[in-house]
Amino acid sequence: MTDTEACLSVLNPEQRAAVVHEGAPLLILAGAGSGKTRVITTKIAYLIAEKNVAPSSILAVTFTKKAAKEMADRAVALEPRAAGAQIRTFHSFGAWFLRKFAAEAGVDSSFTVYDDDDMATLVVKAVPSLSRQEAARAAHRIALAKDYCLMPDSVRLAEVDSSPDFPRIYAAYEKRLRSTGNVDFGDLIMLPVLVLGSSEQVRVQMHYRFRVIMVDEYQDSNVAQFRLLQLLSGTAGNAPAAYVCVVGDDDQSIYRFRGAEVQNILTFEEHFPGTELIRLERNYRSTARILAAADSIVRNNADRLGKTLRAERGEGGQPVLVFLPTQEDEAAFCADLIWKSHGKGTPFRDWAVLYRTNAQSLDFETEFLHRKIPYTVVGSLKFYEREEIKDVLAFLAFLVNPRDELAFRRIINKPAHGIGEKTQDAVVNFAREKSSQQEVPCSLVQACRDCAGNTARKAGTGLTTFALLAEELAAEIGTAEQVSGTRSSDTAAGKAASEKLSFFVEKVVNRSGLLDYHVSQDEISGTQRAANIQELVNSAVLYPCTRQGLLDFLDTIELDRTMESANDGQVSDAVTLITLHNTKGLEFPKVIITGLENGIFPRQDKTGGDLEEERRLFYVGITRAKDELYITSCSVRRLYGRTEYMQPSQFLMEAGPGVFKVLGTPPAAYMSAAGNRDGMAGASDISDPLAVKWCTGTRIYHDDYGYGQIVHTARRSGEYVITVRFENGNTAQFLPRYQAHSLLIVKD
DNA sequence: CCCGTCGTTATTTTT
DNA sequence: TAACGACGGG
């Protein structure tokens, strides 16, 4: 038996059919935990080993860096030659493509990628009449327009933003962006679509290059990505169409807000004629009762293809729904649960705490820190959003592309050289003016030199000094010519490639004065900026000290702004704190989904299609759990510094009876919506006059404590107990049956 | 141009 | 509640 036969033999019939399928386009509808990554990776190995497909002609795209890495690792484990396949995220593929066809796309081959923040700043520069806030909103709409592949002159632009000014703002932004030579995230997909659409030659070249194209998490692709797939796979010239295989699950589509178009998967068969469909419905991840809970939620959605997951792992324990008074209690509950299981030998890494918004991680971090429970927060963007980190990255980006207006503005006067906004504007406008008059764009370094004589003496000296430094450092890392036409890092730049990039970054940090500047900031406000810069310097150690090495370094950071890459030496056994969105593609033995309250999850104002998306998000969360699932809901939560009384999430009422084992006291809203459920504590609360009178949220006056509010109710050995939080900070419990006389209900 | 104070405002979700 | 922007004094 060959290796490949061995790989195939562990698959179920549907998986095997998907792997050996060839010819027509293939749509794999893969339910959560149905082994789709195994199918894709086996298929890559199979094509190489059995079908003699050249590895380099295989393109597999995913959405997250993590997923891409996992796919590549697993494919290589099955078939070493898979290392030659292109296994990337959509955006990193776009970046690769744009560097290759920079001229056709009208960008600098050494472009860097502007994030949302940079976009907003550039909008302000392009349309100065806008406030920062308006610019940020416009930037967001521009990004969305690009997700839909709409240009400033598109008539359909109104569907993204109907304001009459929008097309002009978009056009002005676009002009300004193009003059920097840089791109934004949307460009990484949209520009390749435009280049492929307009250049037959490029299309043919790509068609000969990629013979097999696979897309994972296809349900989250947007219109631009769909068109990219169409253009890469269609026919052109004499080049035959590539084999297309997409994998997705309409129930897990959770990125509509970012332009993801569920229609892409729902109508795939119309756009790729002759499509064959394979369903993977056997779930190897979760136990049956967890899957039942997931299904009881998602079946409330109307807009779905519909599928039923079959559990292959047996019944398992009943998912637990816990009602808690406050968010602190919620954090304490999680800590208790995790700590107790750790005592029984469960490693911390088996646990994941899921939440709707990043801000919710704070309470867990505080509690876990206190209890000495190790944890890692996944996907928090904090590190690369820090000012000092953005400063250093901007300096590096500027060395690579001296037309980068935003990088220039960020670093030119830090530390202060007397170059204020006026001088910056003069330099930038000078460069833009000159660029429009000549073939070769004018770099901002050159503009600094040319402007130095026409400004105040202090500013002039600063500009000259800066230009000298930028030229010297840029020369050291190599010039653009030294990499053009080659992607490998073996191009000899000034220094030997064996030297580490971290030396160069360290030099930049020192010579620019950025490190000194932030050291003094640390002294003033006791921050950790210098240490953060050092961490960034250290992370550059993995790259060679060449221009290409620097480009790769910036690329990696720009396309994966999560901490993991900068933080590989993290604790090996730790609880995972993660947003629901970030859990896509992950699994954990034990999962706690927190904050199941209306307004938080689902978020307020969600209706119709948006509400269905929230429901799918809940479904994604539930199906991450392998063995144990806990869900928590609080009756009180601090929101924007105010204390709010919460109702349980409507999703909880949608689950049928017996789906969850309920702990704590279910609020009245849950009870009345659920009707008379079996085996549930406090089931008689709606008919208990005490519970009706003394319910959560009621305002109270107490002779000794003053004003307060009921934050929790419970039934303890038959007695109805209320917990009251008073305005003086005290919290106390009372038995209304006996103590009603000392408690006054305050009427508004 | 720098720094401090005060008032206001914001919280999805991410490549 | 915290973080950020506007404003004014040095």
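Chain naming here is simple, since letters A, B, ... match the order of the sequence lines and numbering starts at 1 in each. Not measured: the values here are computed from a predicted model.
Rounded to an integer number of Å, the gap from CD of A:Glu134 to P of B:dA10 is 13 Å. For A:Leu228 and B:dT15, the CG to C1' distance is 14 Å, given to the nearest whole Å. Note: NZ (A:Lys66) to P (B:dT15) measures 10 Å, nearest angstrom. Between the CD atom of A:Glu614 and the C1' atom of B:dT13 there is a distance of 8 Å, given to the nearest Å. Look at CG on A:Asp147: it is 14 Å from C1' on B:dT13, rounded to the nearest Å. Protein atom CD of A:Gln424 is 8 Å distant from nucleotide atom P of B:dC1, rounded to whole Å. In this entry the distance linking NE2 of A:His140 with P of B:dT14 reads 12 Å, nearest Å. Rounded to an integer number of Å, the gap from CD1 of A:Ile254 to C1' of B:dT14 is 10 Å.
Checked against the 6.0 Å centroid threshold, A:Phe257 and A:His581 count as a close aromatic pair.
Shortest non-hydrogen contact noted between A:Leu444 and A:Glu405 is CD1-CA, 3.8 Å.
Using the six-membered ring where Trp is involved, A:Tyr355 and A:Phe364 have ring planes that are parallel, under 30° apart on the 30 and 60° scheme. Aromatic ring pairs are classed by plane angle as parallel below 30°, tilted from 30° to 60° and perpendicular above 60°; the pair A:Phe651 and A:Phe618 is parallel.
No side-chain donor from either of A:Asp118 and A:Thr121 sits under 3.5 Å from a side-chain acceptor of the other.
For A:Asn413, counting side-chain heavy atoms from C-beta on, the closest listed nucleotide (B:dT11, B:dT15, B:dC2) is B:dC2.
If you check every strand for non-hydrogen atoms under 4.0 Å, A:Phe90 touches nothing. Residue contacts for A:Arg638: at a heavy-atom cut-off of 4.0 Å it reaches no nucleic acid atom on any strand shown.
Comparing the C1' positions of C:dC4 and B:dT13 gives a spacing of 22 Å, expressed to the nearest Å. Here, C:dG5 and B:dT12 have their C1' atoms 23 Å apart, quoted to the whole Å.
Here A:Asn358 reaches the OP1 or OP2 of B:dT14: one of its side-chain N or O atoms lies under 4.0 Å away. Within the 4.0 Å cut-off from OP1 or OP2 of B:dT14, at least one side-chain nitrogen or oxygen of A:Asn582 is found. In this model, the phosphate group of B:dT14 is not approached by any side-chain N or O of A:Thr64 to a distance below 4.0 Å at OP1 or OP2.
The residue among A:Tyr255 and A:Gln133 whose nearest nucleotide of DNA chain B lies closer to the 5′ end is A:Gln133.
An aromatic stack links A:Phe257 and the base of B:dT13, using centre distance under 5.5 Å and interplanar angle under 30°.
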